[in-house]
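Heavy atoms only: backbone and side chains are in, while hydrogens, waters and symmetry mates are out. Worth saying up front: this structure is predicted, and the values here are computed from it rather than measured. Numbers restart at 1 for each chain; the letters A, B, ... are given by sequence-line order, proteins then strands.
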Amino acid sequence: MLDLKFIRENPEEVKKTLKNRGMEADIDKLLKLDRERRNLLQKAEDLKHKKNIASAQIGKLVGQGEDPKDKIAEMKLVAQKIKEIDKEVGEIDEKLAKIALLVPNIPHNSVPVGSGPEDNVEVRRWGEPSKFDFEPLPHEELADALGMIDFRAASKISGRGFALYRGLGARLERALINFMLDLHTSKHGYTEVFPPFMVKRECMIGAGQLPKLEDDMYRCEADDLFLIPTAEVPITNIHREEILRAKNLPVYYCSYTACFRREAGSYGKETKGLVRVHQFNKIELVKFVKPETSYEELESLLRDAEEVLQLLGLHYRVLNLCTADISFAASKCYDLEVWVPAEGRYLEISSCSNFVDFQARRAGIRYRPEKGGQAEYVHTLNGSAMAVGRTVVALLETYQQKDGSIAIPEVLRPYMGGLQRIEAQRG
RNA sequence: GGAGAGGUGGCCGAGCGGCUGAAGGCAGCUGCCUGCUAAGCAGUUGUGGGGGCAACUCCACCCCGGGUUCGAAUCCCGGCCUCUCCGCCA
């Protein structure tokens with residue numbers, strides 16, 4: 001959420017942002033409501049002032065044993081009037097919030113202006129696409145042939161868009177999770193967190209997922225709880241409505257969770273394999289930092305994420321997303337795209353974003369500066385490091401051998417019981 | 001699921017219809033003092049919003065939402081959360 005005062009004072013910039021992002025929100029109506037609201041507020045406050053003074057007088061008179069009947073009768077009317085105005089203000093507040101929650105974050109000036117994914121700017125590439133002297137197979141075929149993933153069983157159990165890992169497939173998934181968590185906790189200084197996978201509505205609003213994306217969420221209606229679409233939601237909300245100590249900043253968390261997405265509206269896209277499923281595993285990095293450091297922190301967050309792919313020896317590129325492509329709550333966002341040989345293209349595998357004070361304002365996460373004084377909103381950042389399922393996709397396709405087996409990268413072997421290669425299994 | 005207790009400022013904790021934006025303590029800040037550190041003394045410190053160039057001033061906020069009242073942190077109703085005991089359970 002943007003500061004209402006900021007919108008009031010910079011309506012043109014906000015409108016420009018909307019245009020650059022290809023989004024809509026009725027800023028003029030917002031401003032009109034804001035004016036009405038302040039008008040009414042003024043009236044209500046004058047009356048309240050009157051009431052407060054009169055009440056104090058009445059108290060005094062009663063204390064002196066008098067009976068100020070007239071005054072009480074008069075105040076009764078004033079109280080009635082106040083109630084009416086307050087009700088009106090409440091109605092305007094609701095309308096105002098509805099619009100304000102739909103206004104996206106202002107992009108940083110280093111974000112390229114664009115109208116679609118084609119305008120994203122490639123920042124760098126690491127490694128090279130692997131070369132094959134045979135036709136590389138897609139991951140779902142490899143995984144099936146090796147008995148690693150059973151899509152048929154998954155759909156029997158849960159319908160389309162789910163995966164059931166078995167044997168070394170399940171082991172590989174677990175190995176990747178442990179490898180990533182170990183890297184971030186022991187080398188990059190993140191504190192591991194294992195949060196609930198179901199969260200309350202206000203957490204979804206705080207992290208900026210709602211009200212915009214409700215259709216894409218799984219919701220448990222009886223309790224109004226949501227299955228998390230990413231660990232970002234529970235982790236960001238750890239410090240909701242808190243004032244952090246400056247000396248404790250920055251705070252780094254990393255977390256493994258399953259993620260649940262309905263993927264409403266994307267039927268027909270990427271229906272095969274692990275690329276787009278309703279439940280997947282992800283390691284997420286989340287930072288709470290002082291405002292003046294957040295863009296540096298974004299760069300180091302990005303490096304922490306990149307290191308996962310580098311250690312796994314997977315070719316990737318880094319994109320600086322353009323205004324049309326960065327998420328609603330982000331001011332700047334880098335995507336990591338990993339090379340998937342069978343398809344001969346780059347696949348989004350991580351997204352690293354700076355939200356500046358946007359989430360913090362929604363969620364009420366502040367800190368007290370060293371010198372004391374006013375509490376200020378922290379800046380929040382997060383990034384995937386990595387989406388595990390898509391890492392499996394890239395890994396299988398990149399390390400496939402002519403005989404259909406998969407070579408296991410060095411760093412994963414300790415997590416695979418020393419195994420160097422995945423070959424066809426029985427059962 | 002049943003029976004109780006409770007949610008007050010950065011933290012702890014008093015208050016239980018008007019003199020309370022809220023005692024006291026801790027923490028923070030500012031002076032003084034002190035070889036340094038620690039301690040001590042004095043002062044000061046909540047958040048959000050409105051108006052004014054300003055000093056300033058007004059309004060709201062004691063978990064959230066309603067209600068009673070001229071007046072609510074204090075009384076009533078609903079919700080959320082926490083704790084204790086019983087039951088159930090991986």
What distance, rounded to whole Å, do you find between the two P atoms, one in B:rG7 and one in B:rC64?
13 Å
Reckon A:Asp46 touches a base, only the sugar-phosphate, or nothing at all at heavy-atom distances under 4.0 Å?
nothing
Taking pairing as Watson-Crick or G-U wobble with both contacts under 3.5 Å, can you name the mate of B:rC19, or confirm there isn't one?
none
If B:rA14 has a Watson-Crick or G-U wobble mate with both distances under 3.5 Å, name it; if not, just say none.
none
Spacing of A:Lys5 atom NZ relative to B:rU47 atom C1', expressed in whole Å
13 Å
Nucleotide opposite B:rC53 in a Watson-Crick or G-U pair, distances under 3.5 Å:
none
Return the pairing partner of B:rC29 with a 3.5 Å limit on both distances, Watson-Crick or G-U wobble; otherwise return none.
B:rG43
Salt bridge flag under 4.0 Å for residues A:Glu299 and A:Arg303
no
Compare side-chain N and O positions of A:His49 against OP1 and OP2 of B:rC58 and report whether any pair is under 4.0 Å apart.
no
Looking at A:Gln400, A:Arg421, A:Gln420, which one forms a side-chain hydrogen bond (donor to acceptor under 3.5 Å, both in side chains) with A:Ser405?
A:Arg421
Would you check if there is a donor-acceptor pair between the side chains of A:Gln279 and A:Tyr218 at a distance under 3.5 Å?
no
Letter by letter from the 5' end, nucleotides 69-81 of chain B scores (B base, S sugar-phosphate only, - none; protein heavy atoms under 4.0 Å) -BS---------S
Work out how far the P atom of B:rU68 is from that of B:rC77, and round it to whole angstrom.
15 Å
Considering only NZ, NE, NH1 and NH2 on the basic side and carboxylate oxygens on the acidic side, decide whether A:Lys15 and A:Asp28 come within less than 4.0 Å.
yes
Rounding to a whole Å, what distance do you find between A:Leu4:CG and B:rG48:P?
15 Å
Distance only, no hydrogens: is a donor on one side chain within 3.5 Å (strictly under) of an acceptor on the other, for A:Glu192 and A:Tyr256?
no
Given the side-chain rings of A:Phe288 and A:His239, with only the six-membered ring counted for Trp, is the space between their centroids under 6.0 Å?
yes
Looking at A:Asp215 and A:Arg262, does any basic side-chain N land under 4.0 Å from a carboxylate oxygen?
no
If B:rU69 has a Watson-Crick or G-U wobble mate with both distances under 3.5 Å, name it; if not, just say none.
none
Run through A:Asp335, A:Asp325, A:Asn320 and flag the one making a side-chain hydrogen bond (donor to acceptor under 3.5 Å, both in side chains) with A:Asn120.
A:Asp325
Rounded distance in Å between the C1' positions of B:rG17 and B:rC76:
13 Å
Spacing of the P atoms in B:rG78 and B:rA22 (rounded, Å)
33 Å
Separation of A:Lys43 atom NZ from B:rG49 atom C1', in whole Å?
18 Å
Expressed as a whole number of Å, how far does the P atom of B:rC75 sit from that of B:rG15?
12 Å
Using heavy atoms to find the nearest nucleotide of RNA chain B for A:Arg37 and A:Lys60 separately, return the residue whose nucleotide is more 5′.
A:Lys60
Rounded interatomic separation in angstrom, taking CD from A:Glu376 and C1' from B:rG48:
15 Å
Given the C1' atoms of B:rG25 and B:rG13, what is the spacing between them in whole Å?
8 Å
When the distance from CD1 of A:Ile365 to P of B:rU47 is rounded to whole Å, what number comes out?
18 Å
Measuring only the P atom in each nucleotide, how far is B:rA55 from B:rU45? A whole number of Å is fine.
16 Å
In Watson-Crick or G-U wobble terms, both distances under 3.5 Å, what is the partner of B:rC88?
none
Can you tell me how far P of B:rG50 sits from CD of A:Glu45, to the nearest Å?
9 Å
Would you indicate what A:Arg8 reaches in the nucleic acid, counting non-hydrogen atoms under 4.0 angstrom: base, sugar-phosphate, or nothing?
sugar-phosphate
Candidate pair A:Arg38 and A:Asp34, rule salt bridge (charged side-chain N to carboxylate O under 4.0 Å, His left out), full reasoning:
CA-CA 6 Å; A:Arg38 280 187 294 160; A:Asp34 178 50; 3.6 Å; yes
If only side-chain N and O atoms of A:Asn52 are considered, is one of them under 4.0 Å from the OP1 or OP2 phosphate oxygen of B:rC59?
yes
Using Watson-Crick geometry (N1-N3 plus N6-O4 or O6-N4) or G-U wobble (N1-O2, O6-N3), each under 3.5 Å, B:rU34 is paired with none
Given that both distances must come in under 3.5 Å, which nucleotide forms a Watson-Crick or G-U wobble pair with B:rA5?
B:rU82
Separation of B:rC58 atom C1' from A:Asn39 atom CG, nearest Å, is 16 Å
Rounded C1' spacing from B:rG52 to B:rC11 in Å
36 Å
